[in-house]
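Take a look at the structure set out below.
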Amino acid sequence: MAEEVEKTRYSDAELEEFRQLILKKLENARADYELLRATITHTADNDTEDTSPTFKVLEEGAATLSKEESGRLAAHQMKFIRNLEMALVRIENKTYGICKTTGKLIPKERLMKVPHATECIEAKEARKPTN
């Protein structure tokens, strides 16, 4: 019996499957980012122009807090988009799914859930500081 050789990279068909998954996630992520960006930039909508001064102060505080939170979420979403775009580059280079730390293939199940992953679970766990 021939020994099974450990795969060193995903096949072109598998890479295409991942590419389609990433493109769909990228489309959704960009749409979410645009919604967050619109939340931050559209200050005239539902404003407090016609309410009393007391309520206006309270409303502006809540609006500022909401904008800050939306800003944080938008920044996080933009980072996610960049990570997905970098994953597409790795697919083009045929290096997608290879752990940057161990050089081993990241399990397909992990990549289906976290398609922008660059490390296998073992490498990620080993990097975590122990408390």
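- Here the closest non-hydrogen pair linking Cys120 and Ile106 is N-CG1, 3.9 Å.
- Side-chain atoms of Glu122 and Thr102, non-hydrogen and from C-beta on, never get closer than 4.5 Å to each other.
- Between Arg37 atom CZ and Leu73 atom CG the span is 15.5 Å, to the nearest 0.5 Å.
- Atom NZ of Lys100 and atom OG1 of Thr95 lie 12.5 Å apart (nearest 0.5 Å).
- When all heavy atoms of Pro115 and Ile22 are compared, the pair lying nearest together is CB-CG1, 3.6 Å.
- The pair Glu119-Lys104 does not meet the salt-bridge criterion, since no charged nitrogen lies less than 4.0 angstrom from a carboxylate oxygen.
- Atoms CZ and NZ, on Phe80 and Lys25 in that order, are 5.5 Å from each other to the nearest 0.5 Å.
- In this structure, the separation between CD on Glu69 and CG on Leu36 is 9.5 Å, given to the nearest 0.5 Å.
- Between Leu15 and Lys94, the closest side-chain pair of non-hydrogen atoms falls below 4.5 Å.
- Side-chain contact between Leu26 and Leu88: present, with at least one pair of heavy atoms (C-beta onward) separated by less than 4.5 Å.
- Atom-to-atom distance recorded for Leu111:CG and Leu105:CG is 7.5 Å, nearest 0.5 angstrom.
- Salt bridge status for Glu16 with Arg19: present, with a side-chain N to carboxylate O gap under 4.0 Å.
- Taking every heavy atom of both residues into account, Gly103 and Ile98 meet most closely at O-CG2, 3.5 Å.
- Within a 6.0 Å radius of NZ in Lys124, other residues, nucleotides and ligands contribute 12 heavy atoms or fewer.
- Separation of atoms CD1 (Ile91) and CD (Glu14) is listed at 11.5 Å; rounding is to 0.5 Å.
- A ring-centre distance under 6.0 Å is found for Phe18 and Tyr10.
- Side-chain contact between Glu17 and Met112: present, with at least one pair of heavy atoms (C-beta onward) separated by less than 4.5 Å.
- Between Ala123 and Thr101, the shortest heavy-atom distance links the atoms CB-CB, 3.7 Å.
- Linking Ile, Leu, Val, Met, Phe, Trp and Tyr residues whenever their side-chain heavy atoms come within less than 4.5 Å leaves Val114 and Tyr96 in two separate clusters.
- Applying the side-chain hydrogen bond (donor to acceptor under 3.5 Å, both in side chains) test to residues at least two apart or on different chains, the pairs with a partner in residues 73-92 are Arg30-Glu85.
- Note on Tyr33: it does not cluster hydrophobically with Met86, by side-chain heavy-atom contacts below 4.5 Å among ILVMFWY residues.
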